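Each chain gets a letter, A, B and so on, in the order the sequences are listed, and its residues count up from 1. It should be emphasised that the depicted structure is a prediction, and the values quoted were computed from it without experimental measurement.
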Amino acid sequence: MRLSKTLLPTLKEDPVEAQIVSHKLMLRAGMIRQLGAGIYNWLPLGLRVLRKVENIVRQEMDKAGAQEVLMPAVQPAELWQETGRWEQYGVELLRFKDRGGRDFCFGPTHEEVITDLVRNELRSYKQLPANFYQIQSKFRDEVRPRFGIMRGREFLMKDAYSYDLDQESLDNSYDLMFKAYQNIFKSCGLSFRAVEADTGAIGGSDSHEFHVLAESGEDAIASCNSCDYAANLEKAEAGTPKAIPSPTKEQMQKIATPEAKTIDEVSEFFTVTPDKTVKSLLVKTDEGPFMLLLRGDHELNEIKASNFLDGNNFSLLEPEEVKNITGVSVGSLGPVGAKLPVIADLSLANNSGFICGANEDGYHLTGVNWERDLPKPKFADLRNVQVGDSCSRCGSGTLRLDRGIEVGHVFKLGDKYTKSMGMTVLNQLGREQTPLMGCYGIGVSRIVAAAIEQNHDDNGIVWPISLAPFHVEILLINPKEEAAANLANDIYKQLQDSGLEPLLDDRNERIGVKFKDADLIGAPIRVVIGGRGIKEGAVEVQSRVDGSSEKVVLDKVAELLINRAKNLLSV
RNA sequence: CGGGGUGUAGCGCAGUCUGGUAGCGCAUCGGUUUUGGGAACCGAGGGCCGGAGGUUCGAAUCCUCUCACCCCGACCA
């Protein structure tokens, strides 16, 4: 591609609306432009990268035996009503009516559409297992779109849906996808991690997320330093920490603590570390209010709590509600004498002599013991794991926390959709049987942003070659110098003929501008061609990755560039 | 949905408090000189000052309503 004939509007300054590196760089490098909140135009440079990701995904999906289809973006409400999701899905589902007043939505996902298709077309167990995928624009009316295409409302997604006759076959299909995903992210040149995940409202048994590790990630990932356990913080199981025994066999005492409300204040008041204290939180579900107990230095995991309580509409109570229900302020709540059902985190099971609120404003209890001072409550894993916690899987390792960007998610859905939509096939016995389903998503457009988060420096993007919009950039210092221009054109053509994608900066710009833009755009290899080099009989080949450069004699340049690019591509 | 902020040239902003029909830098176009890390000079074009209504002799500026976008929080297959 010749830069003189390409829309590549680079920006010198950081756009004010961009918060994270990838968003800034995508705007500055002229890859995208915003049209509305969470909605973006893809310019030529950005589209080239997007297509690279798409093709990698397509190749691996095909290799794994999935069949590509293309479903409509616009879907009739009837399908969603069949599975009940028309009501359940909430505000993120963009709904609208057609001319005749019929309800439609812009698809945020396609379980209903694909299941409708296959229930009409698949009749026999002989047609299973089957896996269909598409690469398509989705729309989710995010409450708060942000970070450019990282969390946009319209985005490009690869979604795949598998159908199997039984659990064993589903496990196998899931495994195939899991491996395909590893190949995909590896091919994209990303540093990633597969982690166990909560299945959320979509339901199902097993679920893994694939995360690109990056500081700007919106998710926290816990992983063990000894075994291969890794999980989203939402899901990560807490091991049981060592009991914190009471320093003395003291009796329970009520102490006036007029100024101490928060855990920090209470710990300071009693001059103990926060892990000697217990915090009491009030939550509610449809079933009513509950009191949850956590060690003072621990944090509530609302997903675990919500799953354990098994009610809908889980939420923390507001301070005013707490006061209304218990007659006590938030800062003095405690389990002794509490009239609500109490559930305590596992880490408290063996503790004794702890400090907690006295259920009376301005007072705390010290030296509290289970059974002696209050009945033993139910125990459950309610907290977020912390750095340094022992691993619940292997018991010997400890956990670390990293930030991750979720770029893929695989689920075993079971019969949730096939059953509600009445999909059956005939089995070996000639009986109707409801197949089991799996679904597998990849955020194609998000991968572009994630790749930049992981591959950039102060000057711009440093593409892994598999995603690079161009393999080699040729910087022609002065297009008016005929010898240099001829050489540049000649190299350009040779690169193209060898199947590579070169970018020729043949603009009538000063070399400084070209260098700056080349840094931004981030082609892995570049070559600088000017009159001086031609006179010396050698031009400079540079690496965007490590900034190294070397002089190469003129008649070897094209060959060297081709070999170098192909080497990088084959790794 | 709650809180905060911003809308003035393609981009970044000043002007708004204190009303007199708009300015700076970058970018763009023409010219001259330059040409190995974001050039210099000369000249030029480009604005329903987010929108609607109101106050006023007169509104980017004051008032009312509205729309859009950004940030924090809540929420989140």
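- Looking at A:R144, its side chain has no donor and acceptor atom pair within 3.5 Å of the base of B:G2.
- Separating the CG atom of A:N232 from the P atom of B:C76 is a distance of 14 Å, rounded to the nearest angstrom.
- Going from the C1' atom of B:U61 to that of B:C71 covers 26 Å, rounded to whole Å.
- Pairing of B:U28, defined by two Watson-Crick or G-U wobble distances under 3.5 Å, is identified with B:A44.
- For the pair A:L25/A:H456, a side-chain contact is recorded, criterion being any heavy-atom separation below 4.5 Å from C-beta on.
- Nearest nucleotide to the A:E17 side chain, out of B:C76, B:C75, B:C70: B:C70.
- With sequence neighbours excluded, no residue satisfies side-chain hydrogen bond (donor to acceptor under 3.5 Å, both in side chains) with A:S137.
- Checked against side-chain hydrogen bond (donor to acceptor under 3.5 Å, both in side chains), A:E92 has no partners two or more places apart in sequence or in another chain.
- Near RNA chain B, meaning a heavy atom under 4.0 Å away, the residues from residues 470-480 of chain A are A:I477, A:N478.
- Between A:E142 and A:Q19, the residue anchored nearer the 5' end of RNA chain B, judged by the nucleotide with its closest heavy atom, is A:Q19.
- Applying the salt bridge (Lys or Arg N to Asp or Glu O under 4.0 Å) test to every pair with at least one member in residues 532-542 of chain A, sequence neighbours left out, gives these pairs: A:E536-A:K551.
- Distance noted for atom C1' between B:G30 and B:G15: 31 Å (whole Å).
- With P as the reference atom, B:U55 and B:C11 are 34 Å apart, rounded to whole Å.
- Rounded to whole Å, the separation between the P atoms of B:C65 and B:G3 comes to 15 Å.
- Among the heavy atoms of the strands lying under 4.0 Å from A:D519 is at least one base atom, whether or not backbone atoms are also near.
- Under the Watson-Crick and G-U wobble criteria, each requiring two contacts below 3.5 Å, nucleotide B:G7 is paired to B:C67.
- Between the C1' atoms of B:C1 and B:C63, the separation comes to 28 Å (whole Å).
- Contact annotation: A:R510 does not reach the phosphate of B:U35 (side-chain N/O to OP1 or OP2, under 4.0 Å).
- Distances were taken from every side-chain heavy atom of A:E13 (C-beta onward) to each of B:G37, B:G12, B:G38; the shortest belongs to B:G12.
- Partners of A:W463 by ring-ring contact (aromatic ring centres under 6.0 Å, His included), not counting sequence neighbours: none found.
- When heavy atoms are screened at a 4.0 angstrom cut-off, A:R33 is found touching no nucleic acid atom at all.
- What separates CD of A:E218 from C1' of B:G73 is a distance of 14 Å, to the nearest Å.
- Less than 6.0 angstrom separates the ring centroid of A:F178 from the ring centroid of A:H208.
- In this structure, B:C49 forms no base pair with any nucleotide, since neither Watson-Crick nor G-U wobble geometry is met with both distances under 3.5 Å.
- The side-chain contact (heavy atoms from CB on, under 4.5 Å) check on A:A305 picks up A:L292, A:L300, A:F314, A:L382, with sequence neighbours excluded.
- Distance, A:R507 CZ to B:U28 C1': 14 Å, rounded to whole Å.
- Within 4.0 Å (heavy atoms only), A:R153 reaches no atom of the nucleic acid at all.
- Contacts of A:Q34 with the nucleic acid, taken as non-hydrogen atoms under 4.0 Å apart, involve only primed sugar atoms and P, OP1 or OP2.
- Here the nucleotide nearest the side chain of A:V143, chosen from B:G38, B:C1, B:C69, is B:C1.
- Checked against the 6.0 Å centroid threshold, A:F411 and A:Y440 do not count as a close aromatic pair.
- Note on A:V16: only backbone sugar-phosphate atoms sit closer than 4.0 angstrom, heavy atoms only; bases stay farther off.
- Nucleotide B:G38 is matched to nothing when pairs are restricted to Watson-Crick or G-U wobble geometry with both distances under 3.5 angstrom.
- Summarising the geometry, the separation between NZ on A:K514 and P on B:U35 is reported as 15 Å, rounded to the nearest angstrom.
- Aromatic ring centroids of A:Y161 and A:F132 lie 6.0 Å or more apart.
- Base pairing annotation: B:C62 forms a Watson-Crick or G-U wobble pair with B:G54, both donor-acceptor distances under 3.5 Å.
- No contact: A:G441 has no heavy atom under 4.0 Å from any strand.
- Nucleotide B:G23 forms a Watson-Crick or G-U wobble pair with B:C13, both donor-acceptor distances falling under 3.5 Å.
- When heavy atoms are screened at a 4.0 angstrom cut-off, A:E540 is found touching base atoms of the nucleic acid.
- A distance of about 10 Å separates the C1' atoms of B:G46 and B:G10, rounded to the whole Å.
- Of the candidate nucleotides B:C76, B:G36, B:G38, B:G38 has the atom nearest to the side chain of A:R28.
- Residue A:G36 is the one, among A:R151 and A:G36, whose nearest nucleotide of RNA chain B lies closer to the 5' end (criterion: closest heavy atom).
- Using C1' as the reference atom, B:C62 and B:U56 are 10 Å apart when rounded to the nearest Å.
- Using N1 to N3 plus N6-O4 or O6-N4 for Watson-Crick, or N1-O2 and O6-N3 for G-U wobble, each under 3.5 Å, B:C1 pairs with B:G73.
- Comparing the P positions of B:C48 and B:U64 gives a spacing of 26 Å, expressed to the nearest Å.
- Judged by distance alone, with hydrogens and angles left aside, A:E509 brings no side-chain donor or acceptor close enough to the base of B:G38 to form a pair under 3.5 Å.
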Show your reasoning for whether side chain to side chain donor-acceptor pair (under 3.5 Å) applies to A:Y174 and A:S162.
-> CA-CA 8 Å; A:Y174 185 86; A:S162 67; over 6 Å; no
